[in-house]
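Atoms within each ligand, like the ligands themselves, are counted from 1 in listed order.
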Amino acid sequence: MSEHSPPALRVGMAGYAFMGSAHSHAWRTAHRFFDLPLTPELTAIAGRNRAGVEQAAQRMGWASVETDWRALIEREDIDLIDICTPGDTHAEIAIAALQAGKHVLCEKPLANSVAEAEAMTAVATEAAKNGVFAMCGYSYRRTPALALMKRMVHDGRLGTIRQVRAHYLQDWLSDDNAPLTWRMDKTKSGSGALGDIGAHSIDAARFVTGQDITGVSAIMETFTKERPVGGELVGLGGHGTVSADTPRGPVTVDDATLFTARFDGGAIGIFEATRTALGRKNAMRLEVNGTLGSLAFDFEDMNFLQFYDSRDAADALGFRRIMVTEPVHPYTGNWWPTGHGLGYEHGFTHQVVDLVRALGNKTQPTPSFADALGVQRVLAAVENSATNNSNFTTVESELPS
Ligand code: SOE
């Protein structure tokens, strides 16, 4: 590092699967495209399997390895802990890191329960008073088109928001023989599609509208009650070496969740999260309808934002497709010339940019743990509604006479 480089931000990361890979890319890249007050350094990565974590360190560019996350927290040469492990570990790691004076970036959802999220938020609130900050990794809000959507709603371009329509559709669990992983074990993941991908929709809806969700009515379904134990994973779901006599274990989370919602600003919403929508690979979509217009973001067309302005001239009325690559748009000016587009990984890099800038300015990065606790409360309300079937009215087989 040259003498004129900003001070180092030495990172220790727990976990090295999909999110570990995405976060590592962001730590390596952010300061090479954005001016940052601190220069991230990939100091150490932790994982229980030494061979696995050493291979990951080599591939992802980490300087050293640990086989226990606690060692990261004990190290004097680490300033920030990045938690990329399953949800059942988030609270213990985050609380220990903050109490040791280390900043924290924690993957979503914040925790597996409201109680855990509340405990994490209490410790983070105290730590912030001493200049130690925590952020939760809802990266989609840093996709330029979604960040533009938030800016346009905030600037009143839609008028008063009336309706929100959000879905997040995947299909990697459509196959009954996709093997049982931690993502289907409630004690590890907290929930299935709801917390894994529905949480992104809830955060994005609250972020874009600036409104909180006050009540929900939900249905949750687990189509495949048991899945093969073992079998090698291919991608997220995997189609391991499964035969008829492969032992199967219980799935304890939802495959799909649907819910309606009321917002504190008067809007109403409809949400869907599923991992069994055959053909939909990572279809995250958010539409907001207001009194003056509508905006729609579709991750599968992520460099564009659909905008309908009722005030357009009658012969020009219709959804326009804004190409969100001009330098005037959020984040885009630091990348390629307009029209060249960005991808999924850029949201993670922008997440590091905003986090490091906040740390450099000694200000609270967003979303804070308190923000993420708000999402956790919605997740719990959805599970409660679906479990108790509140507001679910059975359709009478025959019309009442
Ligand atoms: C799996 O559904 C997953 O990896 C989520 O856990 C991520 O948060 C999402 O960005 C992509 O899909």
Worksheet entry | Aromatic ring proximity H340/W335, centre distance under 6.0 Å | no
Quick note on ligand 1: atoms under 4.0 Å from a heavy atom of Y168 include exactly 9 (C), 10 (O), 11 (C)
* Give me the ring orientation class for Y344 and F299: parallel if the planes are under 30° apart, tilted from 30 to 60°, perpendicular past 60°. => perpendicular
Worksheet item: Could a heavy atom of Y138 be found less than 4.0 Å from some atom of ligand 1?
Response: no
Quick note on ligand 1: atoms under 4.0 Å from a heavy atom of I197 include exactly 2 (O)
Side chain to side chain donor-acceptor pair (under 3.5 Å) test vs T224 passes for just one of D176, D175, N177, namely D176
So for F299 against ligand 1, with non-hydrogen atoms under 4.0 Å, the contacting part is neither
Is it the case that the ring center of F297 lies less than 6.0 angstrom away from the ring center of F307? no
Checking heavy-atom distances from atom 8 (O) of ligand 1 to each of H200, M284, M19, the winner is H200
Checklist entry - Could D171 and K281 be called an ion pair, given the rule that one side-chain N must be under 4.0 Å from one carboxylate O? => result yes
Quick note on ligand 1: atoms under 4.0 Å from a heavy atom of F18 include exactly 4 (O)
Atoms of ligand 1 under 4.0 Å from any heavy atom of Y344, numbered from 1 in the order shown, are 9 (C), 10 (O), 11 (C)
K108 to ligand 1, any heavy atom closer than 4.0 Å
yes
Check your understanding: Is a salt bridge present between R48 and D68, judged by a nitrogen-to-oxygen distance below 4.0 Å?
Key -> no
**Request:** Run the contact test for R183 against ligand 1 with a 4.0 Å cut-off on heavy atoms, strictly below, and give the result.
**Result:** yes
With nothing but distance in play, are any N or O atoms of Y140 less than 3.5 Å from an N or O of ligand 1? yes
**Q.** H90 (side chain) donor-acceptor with P109 (main chain) under 3.5 angstrom
**A.** yes
